[in-house]
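Letters go in sequence order (proteins before strands), and every chain restarts at 1.
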2 protein chains.
Amino acid sequence: MTDANGGFDEMDIELLRCVESDFDVSLDALSEELDLSKSAVHYRLNKLKDRGVIEGVTADLDPLSFGLDMVAITEVSVTHEQGYSESIGADLAALAGVEQVYYTMGDVDFVVISRVQDRTQMNAVIEEMVAVEGVNETSSRFVMDEITSRPRVIDAMPEAARSRVVEE
Amino acid sequence: MTDANGGFDEMDIELLRCVESDFDVSLDALSEELDLSKSAVHYRLNKLKDRGVIEGVTADLDPLSFGLDMVAITEVSVTHEQGYSESIGADLAALAGVEQVYYTMGDVDFVVISRVQDRTQMNAVIEEMVAVEGVNETSSRFVMDEITSRPRVIDAMPEAARSRVVEE
DNA sequence: AATGAAATCGACCAGCA
DNA sequence: TGCTGGTCGATTTCATT
């Protein structure tokens, strides 16, 4: 988790694209896919982990398997005795049911994504948001569908962004 | 990827909590953490994958390593010649720079999260959104900070939700 | 569902371009 | 620095309970 950006070659990018979509493959498979020896793949993976480019390897769970099929986007504005924003954001993120918190510029201060099983739980989450010290007002929208459920850094990256970090 | 919800025991939940935060651990570590034999851990993991509870195992990449430090939330409304919404959502999700698309109820139709390197790229993304057939209007906000960057299904789940899917 | 043994795979090391 | 090939330890698989 030390270095800035830059310093990738095409092989790194291809490798990252592979493991970002599926790390549950054998070194052999990667090795064949990339025309590189197993050892070299292993070497590069380790380096990318050390550099902090690969932050971790995680299992992606299906929310529906837990009945978590209700998602809402809530805009939260706070009373502007400035400076508390950081802790308010942390408080919001810590609430059960909250998945993601964005601190934004503009009229609204936070955008919160939450995911629960039903309306009862959703009401509970929103009430807890209102109860957070410093929160002034909330406005929620229900999500009917999510299109790209998992962030995919490499695939979502614009061409201009990609070419800027790839060397030679 | 077949079954509905329910049908977890405490051990499943603990195991899922572990691998959702870090799957880059040895079976030994999991086995010790959970007081279960290595084989049993392996058996349960396989079952959870077969059931589709574990959708996959992926490497989490650090966007900053690619200079992707600008995030925006864009509200997109469409011209209501209804029925095209699905394909519009897919079109938005396919744009370079777009990470996540939510289809929502209410005055606004889509909420789009996008991530790029700078304002030039951000302008390009937003222009492409406007150019999508059926898109009527957009309104963007810049994100200054993200609090819970990775969705963690188990940890974010409310107690009420958790107890409903855990048996015995 | 869980176990232990046998086959397979991945991590690490010394050396090489 | 980036890679190779080989070794050892870990993991996956399978027959068995």
Asks: Figure out the CG/P separation between A:Asn46 and C:dC13, and round it to whole Å.
Replies: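 Answer to the nearest Å: 11 Å.
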Asks: Among residues 12-45 of chain A, which ones have heavy-atom contacts with DNA chain D below 4.0 Å?
Replies: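 When residues 12-45 of chain A is checked for heavy atoms under 4.0 Å from DNA chain D, the hits, listed by number, are A:Ser37, A:Ser39, A:Ala40, A:Tyr43, A:Arg44.
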Asks: What do you reckon, is CE of B:Met11 surrounded by more than 12 foreign heavy atoms closer than 6.0 Å?
Replies: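 Count over threshold, so yes.
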Asks: Flag yes if more than 12 heavy atoms outside B:Glu159 fall under 6.0 Å of its CD atom; otherwise flag no.
Replies: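 For B:Glu159, atom CD is crowded (more than 12 foreign heavy atoms under 6.0 Å).
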Asks: Quick one: do A:Phe23 and A:Thr58 satisfy side chain to side chain contact (heavy atoms under 4.5 Å, CB included)? Show the steps, please.
Replies: CA-CA 9 Å; A:Phe23 208 171; A:Thr58 58; over 6 Å; no
Asks: Would B:Arg51 and B:Phe8 count as a cation-pi pair here, with the cationic atom under 6.0 angstrom from the ring centre and within 45° of the axis?
Replies: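 Relative to the ring axis of B:Phe8, which defines the angle, B:Arg51 lies inside both limits.
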Asks: Are B:Ile88 and B:Ile73 connected in a single hydrophobic cluster, I mean Ile/Leu/Val/Met/Phe/Trp/Tyr linked by side-chain heavy atoms less than 4.5 Å apart?
Replies: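 Different clusters: B:Ile73 never reaches B:Ile88 through Ile, Leu, Val, Met, Phe, Trp or Tyr contacts under 4.5 Å.
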